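Quick caveat, the model's predicted, so the values are computed rather than measured.
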Amino acid sequence: MLHLAGLLDELERSEPARAAMAILESALARRSVEEQTAFWRAVDLYYVSRKAPPEPTPAMLAAAVPQMAAAV
(Lines give C-alpha, C1' and ligand atoms only; values in the text may rest on other atoms or scores of the structure.)
Protein backbone atom coordinates (compact mmCIF):
# COMPACT_ATOMS: atom_id res chain seq x y z
CA MET A 1 0.00 0.00 0.00
CA LEU A 2 3.05 2.24 0.36
CA HIS A 3 3.18 2.57 -3.45
CA LEU A 4 -0.39 3.90 -3.53
CA ALA A 5 0.53 6.47 -0.88
CA GLY A 6 3.28 7.65 -3.23
CA LEU A 7 0.74 8.01 -6.00
CA LEU A 8 -1.44 10.18 -3.78
CA ASP A 9 1.58 12.37 -3.00
CA GLU A 10 2.22 12.71 -6.73
CA LEU A 11 -1.41 13.63 -7.32
CA GLU A 12 -1.10 16.47 -4.81
CA ARG A 13 2.12 17.82 -6.38
CA SER A 14 1.46 17.37 -10.09
CA GLU A 15 -0.87 19.58 -12.11
CA PRO A 16 -1.18 16.99 -14.93
CA ALA A 17 -2.03 14.31 -12.36
CA ARG A 18 -4.72 16.54 -10.81
CA ALA A 19 -6.15 17.28 -14.27
CA ALA A 20 -6.22 13.57 -15.15
CA MET A 21 -7.92 12.74 -11.86
CA ALA A 22 -10.56 15.41 -12.51
CA ILE A 23 -11.31 13.85 -15.91
CA LEU A 24 -11.48 10.39 -14.34
CA GLU A 25 -13.78 11.56 -11.55
CA SER A 26 -16.03 13.28 -14.11
CA ALA A 27 -16.28 10.10 -16.17
CA LEU A 28 -16.95 7.95 -13.10
CA ALA A 29 -19.64 10.36 -11.88
CA ARG A 30 -21.75 9.31 -14.87
CA ARG A 31 -21.57 5.65 -13.78
CA SER A 32 -23.52 3.74 -11.17
CA VAL A 33 -22.06 3.09 -7.74
CA GLU A 34 -21.64 -0.55 -8.72
CA GLU A 35 -19.68 0.39 -11.84
CA GLN A 36 -17.52 2.82 -9.88
CA THR A 37 -16.82 0.14 -7.28
CA ALA A 38 -15.94 -2.38 -10.00
CA PHE A 39 -13.58 0.13 -11.63
CA TRP A 40 -11.69 0.87 -8.41
CA ARG A 41 -11.59 -2.83 -7.54
CA ALA A 42 -9.98 -3.51 -10.94
CA VAL A 43 -7.45 -0.73 -10.36
CA ASP A 44 -6.68 -2.14 -6.93
CA LEU A 45 -6.25 -5.65 -8.31
CA TYR A 46 -3.90 -4.44 -11.01
CA TYR A 47 -1.66 -2.33 -8.82
CA VAL A 48 -1.71 -4.43 -5.68
CA SER A 49 -1.75 -7.92 -7.16
CA ARG A 50 1.24 -9.80 -8.47
CA LYS A 51 0.08 -8.94 -11.98
CA ALA A 52 1.29 -5.38 -11.53
CA PRO A 53 4.64 -4.66 -13.13
CA PRO A 54 7.49 -4.70 -10.62
CA GLU A 55 9.05 -1.50 -9.43
CA PRO A 56 12.26 -0.93 -11.42
CA THR A 57 15.44 -1.66 -9.52
CA PRO A 58 18.81 -0.03 -10.29
CA ALA A 59 19.92 -3.31 -11.91
CA MET A 60 16.84 -3.38 -14.15
CA LEU A 61 17.43 0.23 -15.18
CA ALA A 62 21.11 -0.41 -15.92
CA ALA A 63 20.19 -3.39 -18.09
CA ALA A 64 17.63 -1.34 -20.02
CA VAL A 65 20.02 1.47 -20.96
CA PRO A 66 22.07 -0.51 -23.52
CA GLN A 67 18.86 -1.86 -25.08
CA MET A 68 17.44 1.63 -25.35
CA ALA A 69 20.65 2.97 -26.88
CA ALA A 70 20.66 0.18 -29.46
CA ALA A 71 17.10 1.03 -30.46
CA VAL A 72 18.03 4.63 -31.25
**Message:** The criterion is side-chain contact (heavy atoms from CB on, under 4.5 Å); which residues satisfy it with Ser26, sequence neighbours excluded?
**Reply:** Arg30

**Asked** Just how far is it from atom CZ of Arg18 to atom CD of Glu15, taken to the nearest 0.5 Å?
**Response** 4.5 Å

**Complete:** When rounded to the nearest 0.5 Å, the distance separating OG1 of Thr37 from CZ of Arg31 is 13.5 Å

